[in-house]
Chemist: 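Below you will find the structure I want to go over with you.
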Amino acid sequence: MPTNVINTTEGQTIARELMIAYLNTGTSSTPVWSAIGKRVEDSSMDYDWSEETKQDILGNVHSTMKKPIITQDFDPCYLDSGDAAVTKIWDLGVKQQDAQALANQDVMVAHFYAGATATPWAERYTSSMVRPTSLGGEGGGNMEMGVSITYGGERTLGTVSKGTGGVITFTPASE
């Protein structure tokens, strides 16, 4: 039996809010996981498998693919001083324009719908590119910032838990 099964009732669809991307707004030794995409209405992880299909001289078709490059866009994110993830991305991207830091962010995706109900499955990417893609908005509206993530670096699988006050903890799987 698979170890990371979907943990919802059979026949029941899964609420979108059960998959959340988090940016580490703390340090690598003491991570603070802040949700990315507050107020964003639609966001999906896109998987590019770099597939290639060729036909050999005998007419046989052969297909290959590589590990996926995973990207995700959050647009619009509204600027809010109480949103730690947006504040960090704005500071690194808009204020500092620190390309090296933006290309080396610690991001975790929590799949609260998969794995054991008490310890859902999660994946952590230690060197992801997190970048603002736009800044502005329409007159009379709110200040918006588009954010794009390319998940990268070492991928660590594990579990995620939500503690007191909504504190998120990632626990790497034991080898």
Chemist: Would you say His111 and Glu123 are linked by a side-chain donor-acceptor pair, where the criterion is simply a distance under 3.5 Å?
Modeler: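 Glu123 vs His111: donor-acceptor pair found between side chains.
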Chemist: Are Val86 and Leu79 packed together at the side-chain level, in the sense that at least one heavy-atom pair is separated by less than 4.5 angstrom?
Modeler: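 Val86 reaches Leu79 side chain to side chain.
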Chemist: Would the distance check show the side chain of Thr126 and the main-chain N or O of Glu154 forming a donor-acceptor pair, the cut-off being under 3.5 Å?
Modeler: yes
Chemist: Testing the basics here: between Ala110 and Ala122, what is the closest heavy-atom pair and its distance to 0.1 Å?
Modeler: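 The answer is CA-CB, 4.2 Å.
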Chemist: If we only count heavy atoms from C-beta on, is the Pro31 to Arg124 side-chain gap below 4.5 Å?
Modeler: yes
Chemist: How long is the straight-line distance from CD of Gln96 back to CG of Leu102, given to the nearest 0.5 Å?
Modeler: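 With rounding to 0.5 Å, CG (Leu102) is 8.5 Å from CD (Gln96).
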Chemist: Give the cluster check for Tyr47 versus Ile20: same hydrophobic cluster or not, with ILVMFWY residues linked at side-chain heavy-atom distances below 4.5 Å.
Modeler: yes
Chemist: Is a side-chain N or O of Thr27 found less than 3.5 angstrom from the main chain of Thr30, in a donor-acceptor match?
Modeler: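 Yes: the side chain of Thr27 pairs with the backbone of Thr30.
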Chemist: Within the 3.5 Å criterion, strictly below it, is a donor on Ser63 or Thr53 matched to an acceptor on the partner's side chain?
Modeler: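 Their side chains do contain a donor-acceptor pair, which is all the 3.5 Å distance test asks for.
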Chemist: Should Val160 and Met19 be regarded as members of a common hydrophobic cluster, given that ILVMFWY residues are connected when their side-chain heavy atoms come within less than 4.5 Å of each other, either directly or indirectly?
Modeler: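 As far as the 4.5 Å side-chain criterion goes, Met19 and Val160 are connected within one cluster.
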Chemist: For the residue pair Gly37 and Cys77, what are the closest heavy atoms and their distance?
Modeler: CA-SG, 4.3 Å
Chemist: Please name the pair of heavy atoms, one in Phe74 and one in Val40, separated by the smallest distance, quoted to 0.1 Å.
Modeler: CB-CG2, 4.1 Å
Chemist: A side-chain contact here means heavy atoms from C-beta on lying under 4.5 Å apart; do Trp90 and Lys95 qualify?
Modeler: yes
Chemist: With a 4.5 Å cut-off on side-chain heavy-atom distances among I, L, V, M, F, W and Y, is there a chain of contacts connecting Leu92 to Tyr151?
Modeler: no
Chemist: If the threshold is 4.0 Å, N to carboxylate O, is there a salt bridge linking Asp80 and Arg39?
Modeler: yes
Chemist: Might you confirm whether atom CG of Leu58 has over 12 heavy atoms from other residues, nucleotides or ligands at distances under 6.0 Å?
Modeler: yes
Chemist: Can you hop from Ile89 to Met143 via hydrophobic side chains spaced under 4.5 Å?
Modeler: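 As far as the 4.5 Å side-chain criterion goes, Met143 and Ile89 are connected within one cluster.
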Chemist: Is the backbone N or O of Asn24 less than 3.5 Å from a side-chain atom of Asp106, with the two atoms forming a donor-acceptor pair by type?
Modeler: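 Side chain of Asp106 to backbone of Asn24, a donor-acceptor pair under 3.5 Å: no, none is there.
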Chemist: With side chains defined as the heavy atoms from C-beta onward, is the minimum distance between Leu157 and Trp121 less than 4.5 Å?
Modeler: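 Leu157 reaches Trp121 side chain to side chain.
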Chemist: Between Ser127 and Gly152, is there a donor-acceptor pair closer than 3.5 Å when you use the side chain of the first and the backbone of the second?
Modeler: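 No; judged by distance alone, with no hydrogens or angles, the pair does not exist.
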Chemist: Can any side-chain N or O of Ser34 pair as donor or acceptor with the backbone N or O of Ala84 at less than 3.5 Å?
Modeler: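 No, Ser34 side chain to Ala84 backbone: no donor-acceptor pair under 3.5 Å.
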Chemist: So, for Gly137 and Glu144, which heavy atoms are closest and what is the spacing to 0.1 Å?
Modeler: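 The pair with the smallest heavy-atom distance is CA-OE1, 4.3 Å.
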Chemist: Give me the atom names and distance for the closest heavy-atom approach of Pro172 to Thr156.
Modeler: CB-CG2, 3.9 Å
Chemist: Side-chain donor-acceptor contacts of residues 129-136 below 3.5 Å, not counting sequence neighbours, with atom names and distances?
Modeler:
unit_1	atom_1	unit_2	atom_2	d
Thr133	OG1	Gly146	O	3.3
Ser134	OG	Gly146	N	3.2

Chemist: Between Lys54 and Val61, is there a side-chain heavy-atom distance shorter than 4.5 Å?
Modeler: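 No, side chains not in contact.
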Chemist: Under 3.5 Å, is there a donor-acceptor pair linking the side chains of Ser43 and Gln72?
Modeler: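 Result is yes, a qualifying pair exists.
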Chemist: Using only heavy-atom distances, determine whether the side chains of Arg155 and Tyr125 contain a donor-acceptor pair under 3.5 Å.
Modeler: yes
Chemist: Membership question, hydrophobic clusters at under 4.5 Å side-chain separation (ILVMFWY): are Phe170 and Ile70 in the same one?
Modeler: yes
Chemist: Excluding sequence neighbours, so at least two apart, what forms ring pair (Phe, Tyr, Trp, His ring centres under 6.0 Å) with Phe112?
Modeler: none
Chemist: Tell me whether the count of non-hydrogen atoms from other residues, nucleotides or ligands lying under 6.0 Å of CD in Glu138 goes above 12.
Modeler: no
Chemist: Mark yes when over 12 heavy atoms from residues, nucleotides or ligands other than Gln55 sit less than 6.0 Å from its CD; otherwise mark no.
Modeler: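 Counting other residues, nucleotides and ligands, CD of Gln55 exceeds 12 neighbours.
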Chemist: Got a donor-acceptor contact below 3.5 angstrom from the Asp48 side chain to the Pro68 backbone?
Modeler: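 No, because the side chain of Asp48 does not come within donor-acceptor range (under 3.5 Å) of the backbone of Pro68.
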